[in-house]
Amino acid sequence: MFYLVYGGSGSGKSEYAENIAVELHENSANDPFIYIATMMAADEEAKKKIMRHREMRKNKGFKTIEAYLNLKETNIPDNCTILLDCLSNLLANEMFASNGSGENAVEEIRNGIEHLLDKAENLVIVSNDIFSDGNIYDEMTRQYISNMGKINQYLAERADKVLELVCGIPIYHK
């Protein structure tokens with residue numbers, strides 16, 4: 001089963017996705033349970049968010065794999081349940097890190113997702129709604145937003161279930 005959990009900042013999507021992954025894992029004969037963390041601890045705010053997410057999943061049985069780049073090379077066991085949190089961090093890493101894939105970020109991430117789908121019995125991906133603020137951005141940020149849209153469309157097409165969290169309330173689109 002492949003879920004895309006999508007929503008704005010602070011919508012509760014990470015916790016909701018964790019609960020989906022836990023339920024899928026409990027119903028899958030206890031195969032490996034993987035959390036793919038994509039956020040680099042670049043500043044104090046990021047470090048606090050990482051610590052909060054670690055605390056949220058502390059007693060849920062996940063094995064954490066930190067994969068900031070090159071998702072297709074991630075060593076994943078067969079028939080596992082995977083929670084990837086979060087796609088917007090992975091895209092930023094691929095686009096802007098010195099060793100990222102740069103202008104090939106969309107294709108690199110698609111290839112990485114296909115790798116996960118080949119390995120996983122269940123995959124839950126968290127992504128962000130970054131499209132609604134109406135601000136005008138510089139060219140680099142506009143390219144990031146465009147790439148995020150391309151990846152989210154690809155994920156929504158591939159996913160079995162697509163849900164958006166709005167103020168903690170899930171809205172199923174698929």
Between side-chain atoms of residues 117-124 and protein atoms elsewhere (two or more places apart, or another chain), which donor-acceptor pairs fall under 3.5 Å?
| from | atom 1 | to | atom 2 | distance (Å) |
| --- | --- | --- | --- | --- |
| K119 | NZ | D78 | OD1 | 3.1 |
| N122 | OD1 | M1 | N | 3.3 |
| N122 | ND2 | T81 | OG1 | 3.1 |

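With hydrogens and angles ignored, the 3.5 Å screen pairs a side-chain donor or acceptor of D138 with a backbone N or O of T141. Formation of a donor-acceptor pair under 3.5 Å by the E164 side chain with backbone atoms of H173 is not found in this model. Side-chain atoms of Y3 do not come within 3.5 Å of backbone N or O of L83 as any donor-acceptor pair. Within the 3.5 Å criterion, the main-chain N or O of T38 finds a donor-acceptor partner in the side chain of N93. No donor-acceptor pair under 3.5 Å is formed between the side chain of K13 and the backbone N or O of S127.
Between F131 and N152 there is a side-chain heavy-atom pair separated by less than 4.5 Å. Within the 4.5 Å cutoff, the side chain of Y172 has no heavy atoms near those of the V162 side chain. Residues R158 and F2 have side chains in contact (heavy-atom distance under 4.5 Å, counting atoms from C-beta outward). Under the 4.5 Å side-chain criterion, counting only non-hydrogen atoms from C-beta, L90 is in contact with I109.
There is no path of hydrophobic side-chain contacts, each under 4.5 Å, that joins F62 to I125. Residue L155 is not grouped with residue L163 when hydrophobic side chains (ILVMFWY) are merged at heavy-atom distances under 4.5 angstrom, including chains of intermediate members. Both Y154 and Y144 belong to a single network of hydrophobic side chains, linked directly or stepwise wherever heavy atoms of I, L, V, M, F, W or Y lie under 4.5 Å apart. The hydrophobic cluster containing V126 does not contain I34, counting ILVMFWY residues as joined when their side-chain heavy atoms lie under 4.5 angstrom apart, directly or transitively.
Note: I151 CD1 to L4 CG = 11.5 Å, rounded to the nearest 0.5 Å. Atom CD1 of residue I65 and atom SG of residue C80 lie 8.0 Å apart, to the nearest 0.5 angstrom. If you take CE on M95 and CD on E103, they are separated by 10.0 Å, rounding to the nearest 0.5 Å. Here OG1 of T64 is found 10.0 Å from CZ of F33. Values are rounded to the nearest 0.5 Å. Atom OG of residue S11 and atom CG of residue L165 lie 5.0 Å apart, to the nearest 0.5 angstrom. Separation of atoms CD1 (I145) and OH (Y137) is listed at 5.5 Å; rounding is to 0.5 Å.
For the residue pair A17 and V5, the shortest heavy atom distance occurs at CB-CG2, 4.0 Å. Here the shortest heavy-atom pairing between A105 and S101 reads CA-OG, 3.2 Å. Between I76 and H115, the shortest heavy-atom distance links the atoms CG1-NE2, 4.1 Å.
Partners of N147 according to the side-chain hydrogen bond (donor to acceptor under 3.5 Å, both in side chains) rule, which considers only residues two or more places apart in sequence or in another chain, are Q143. In terms of the side-chain hydrogen bond (donor to acceptor under 3.5 Å, both in side chains) criterion, residue partners of E139 (sequence neighbours excluded) are, by chain and number, R142. Residues that satisfy the side-chain hydrogen bond (donor to acceptor under 3.5 Å, both in side chains) test with S146, not counting sequence neighbours, are absent from this structure. K174 is linked by a salt bridge (charged side-chain N to carboxylate O under 4.0 Å, His left out) to nothing, counting only residues two or more places apart in sequence or in another chain.
Think of I169 as one node in a network of Ile, Leu, Val, Met, Phe, Trp and Tyr side chains linked at under 4.5 Å; it has no links at all.
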Exercise. Applying side-chain hydrogen bond (donor to acceptor under 3.5 Å, both in side chains), run through Y68 and E66 and close with a yes or a no.
Key: CA-CA 6 Å; Y68 310 121; E66 295 179 0; 2.6 Å; yes
Quiz item: Step by step, would you call Y35 with D85 a side-chain hydrogen bond (donor to acceptor under 3.5 Å, both in side chains)?
Solution: CA-CA 8 Å; Y35 182 101; D85 194 2; 3.3 Å; yes
Practice problem: I would like to know whether S28 and D31 meet side-chain hydrogen bond (donor to acceptor under 3.5 Å, both in side chains); could you show each step before the answer? | Solution: CA-CA 6 Å; S28 68; D31 289 322; 4.8 Å; no
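With salt bridges taken as basic N to acidic carboxylate O contacts below 4.0 Å, none links E114 and K72.
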